[in-house]
Amino acid sequence: MADLRSEFIGIKSPNPFWLASAPPTDKEYNVRRAFDAGWGGVVWKTLGLDPHVVNVNGARYGAVYGADRRLLGLNNIELITDRPLQTNLDEIKVVKRDYPDRAMIVSLMVPCEEEPWKFILPLVEDTGADGVELNFGCPHGMSERGMGSAVGQVPEYIEMVTRWVKANTRMPVIVKLTPNITDIRKPAEAAMKGGADAVSLINTINSITSVDLDLFAPEPTIDGKGAHGGYCGPAVKPIALNMVAEIARDPTLGQIPISGIGGITTWRDTAEFMALGAGNVQVCTAAMTYGFKIVQEMISGLSDYMDSKGIASVDEIVGRAVPNVTDWQYLNLNYVAKAKINQDLCISCGRCFAACEDTSHQAISMSSDRVFEVIDAECVACNLCVNVCPVENCITMEAMTPDEVDPRTGQRVEAEYANWTTHPNNPAAKAAE
Amino acid sequence: MSSDTFTPGIAPGRLTPESYEAHFADLHPALEPHEALVAADRCYFCHDAPCITACPTEIDIPLFIRQIATGTPDAAAKTILSQNIMGGMCARVCPTEELCEQACVREIAEGKPVLIGQLQRYATDHLQEQGLHPFERAAATGRSIAVVGAGPAGLSCAHRLAMLGHEVVVFDARAKAGGLNEYGIATYKTVDGFAQAEVDWLLKIGGIRIEYGKALGRDLTLDALRKDHDAVFLGLGLGGVNALAAPGADKEGVRDAVGFIADLRQAEDLSQIPVGRDVVVIGGGMTAVDAAVQAKLLGALNVALVYRRGRDRMNASVYEQDLAASKGVRIITHAVPTEIIGNGAVREIVFDYVDDTMQPTGQSLRLAADQVFCAIGQTLEGATLPDLDGRKIKVTGTGRTSVTGVWAGGDCAAGGDDLTVTAVAEGRDAALDIHAQLMRNA
């Protein structure tokens, strides 16, 4: 069993798995169950000023499914806590008292003025919480009142509010970023300038999950109408991974600590986020889909992975893939690979053939007895056949070795690295400025 | 009258009413909508899918499964029925484990094929239970075709001809349409009068008239049919049964399995069907299994299915053999009946054991038997038929016989397996050829 203890911006937790600020962390009952199940920390569902908000009384969630109704994406239109501020503060205090080894972060969202922050921060400090997370990310409801993503979409506001918060509390401050922007580095930079100790991302993505074709109304539907909600779950993980990496690999962002969020469902997702620079992770949809028990698999899986790799602490994973994230223009154009189909594993479904023949490079042949083979003279190693094959490792991409002749181009494979900026055949070697 | 499984001789009412109901319930209950979606999600939508190739009617299986998965089971049904108008019955009786599901790549990958047969039933039931008939007739051609036999081949042919605008008269020797679907398939495979419901649904196309109680050779002649109609399709099946050659085969209690199965299907009350305490079924095909299993389900104490060759040579699929075994039927192979013993009624039956080359091994077997069912093959009956190929009507690929203007298909025609689905395909293809032929001359 590897040592999974985590320390993120000075906040200790027995493992790097926190529950994100969301319905699962709305109240004492849930959070106690989460801690009993083994979660390392929670970000308590966002507190606001009294009078507290009122939620809708209809569907708050919409879903996107994969095969067998496996939930791939979830959309929610729930607002911040709809309970009195003092109730939440009291519960936070007793839970932190009873679980002193767990991380207790409190998410906050108050109007964009300094006074409300001055008012609420001491109340949170009094609970004994370990830190605060500023909710600049919620894309629905609160944003129509100048909070949530309405702040997160304006870097100047992020910087200003973060500065107010840092000036009014001794607690570490995490700024939660909205992905509903064009360049995630700008809000991250603003948070850093405002003095944030860390950023967390991503919050949810503006979305309509589906349309009711009888009502002609978007889902989730409330009395015949629907509003966009925040999208999360496994479907958003690729978007989140990219945004985490964009921040992690930007040298001007001073290696600001990142709490990774977005579709994390398994230990493997966790390791991927950490490899791209996240110091820890926050989970919501997976817990909402399967319950708190999933953390047991995350703990055992990450531990086994670390043991198998000889990794002694979770910090050793953090950022290990960042040096390999680059821009397209630096990819090696002299690298040549070919798809290879393992005939022993092939079940002859022909999906690789259909994909390649109809939509790619006509580089797979099909015999009358359903043997599928790669035509090296046509294969550009696009990987689509690998992606559509239902059998793991049946189709692989095999790199050609230097000095072999690529049957597609008739050229020898060069040993030397050459990218877009240096390749002699590239008319766009220099970017248009 | 009170009997149970231990009552000697042939007796009805061996079971409680609840047992009859449970024993003869649907072998594969219909999929619930959720089950259908889960099953449909497993389909890989293969390119040029092997399951299509394996289907004698070449139903576009990946397409209909995708139509189920996307919530349009009626569209799925139309995909099925446009290739196979008896897709509902085939979904119930096809040996899918030897056809589409054997070819399914997930059978190859995991030993667990997509449930193609059950999904097909889900779609066709969904449409047919609403009473919807998705096909329309083309403009009338003014041509008339006689179809002999209202079984799968004849009705498939008749439906396609009617769709193409022809008038069709179907003649059947029996009192009901459906052929073996109605008379020759185990009760638990097609419950709740499905065979007749399917016929009624099929006839909604219009333009098909059925005349019952009309047999070729007895009430009809081929020459007269040819005179009165523009074309004739023969789908008369195999009306005769092979008799047991062993001495004593005429004793009381020995009968053909086909009649027993038909009696079961036509019974108002299964408790009225008598069955032996010790039943022996001779044969190795689907008919033998259907008779043996149903004898057991009727409350027979001991049922043995005895086949002269090894299990690998049995015409009944492995699935059917396993079904029989699971119901308590004892399968005995390499045994040839040599004598039926009994004073008036059968009491015992004696077999010689043979090796794989059918040579006697010198060993023999005696089985107690108060009822013996013969399921050793059916034969074509009738005189003045077109030329034969062996014991069946000789046909070309589209069912043309040696007689101009006469086509044939189904079990009475040579070539192809004797399966419902094969009969449907042959009837359909003959109809298309008849149409092409008649329109060419138009």
Side-chain angles (χ1 to χ4, degrees), chain A residues 62-73 209-216 219 234 339 341-375 384-395, chain B residues 31-55 58-76 96-116 118-119 122-123 130:
Chain A
V64 170
Y65 295 107
D68 202 2
R69 270 179 85 85
R70 180 170 287 256
L71 193 145
L72 299 181
T209 46
S210 56
V211 176
D212 185 315
L213 290 176
D214 297 315
L215 294 174
F216 288 100
E219 300 264 20
I341 300 173
N342 182 329
Q343 298 298 340
D344 292 336
L345 294 177
C346 179
I347 59 172
S348 297
C349 69
R351 291 205 334 197
C352 58
F353 176 83
C356 193
E357 192 72 7
D358 285 356
T359 72
S360 291
H361 296 82
Q362 296 77 47
I364 294 178
S365 65
M366 174 179 175
S367 72
S368 58
D369 56 346
R370 299 188 73 80
V371 175
F372 297 90
E373 288 177 307
V374 176
I375 304 165
L384 182 63
C385 55
V386 173
N387 297 141
V388 303
C389 178
V391 179
E392 298 86 348
N393 302 317
C394 175
I395 310 181
Chain B
L31 294 178
E32 295 294 323
H34 173 74
E35 292 175 300
L37 289 176
V38 172
D41 276 341
R42 292 188 68 239
C43 175
Y44 283 150
F45 204 75
C46 294
H47 173 76
D48 191 11
C51 54
I52 303 176
T53 312
C55 174
E58 297 188 302
I59 292 169
D60 191 338
I61 293 163
L63 178 61
F64 94 66
I65 293 179
R66 190 172 169 84
Q67 287 167 322
I68 292 172
T70 56
T72 53
D74 293 340
T96 53
E97 66 282 358
E98 295 188 338
L99 298 171
C100 52
E101 292 180 15
Q102 184 181 62
C104 177
V105 300
R106 298 202 76 154
E107 166 65 22
I108 294 158
E110 302 148 42
K112 290 195 182 83
V114 174
L115 299 175
I116 298 168
Q118 286 176 274
L119 285 167
Y122 176 78
Q130 300 167 75

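Letters A, B, ... mirror the listed sequences (proteins, then strands); counts begin at 1.
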Residue among [options] with most heavy-atom pairs under 4.5 Å to chain A:
options: B:P50, B:A40, B:A39; result: B:P50
options: B:D41, B:I108, B:L37; result: B:D41
options: B:R106, B:E107, B:H47; result: B:H47

TODO: Give a yes or no on whether B:R66 atom CZ has more than 12 heavy-atom contacts from other residues, nucleotides or ligands under 6.0 Å away.
DONE: no
Hey, is the main chain of [Y] close enough, under 3.5 Å, to the side chain of [X] for a donor-acceptor pair?
X: A:T209; Y: A:V64; result: no
X: A:D68; Y: A:R70; result: no
X: B:E35; Y: B:E32; result: yes

TODO: Sort out for me which of A:C346, A:A355, A:G350 touches chain B most, counting heavy-atom pairs under 4.5 Å.
DONE: A:G350
Open item on the list: Below 4.5 Å, heavy-atom pairs only: which of A:L345, A:I347, A:D358 has the largest tally toward chain B?
Closed with: A:I347
Task: Considering all heavy atoms, the nearest A:C389-A:I395 contact - done: CB-CD1, 4.0 Å
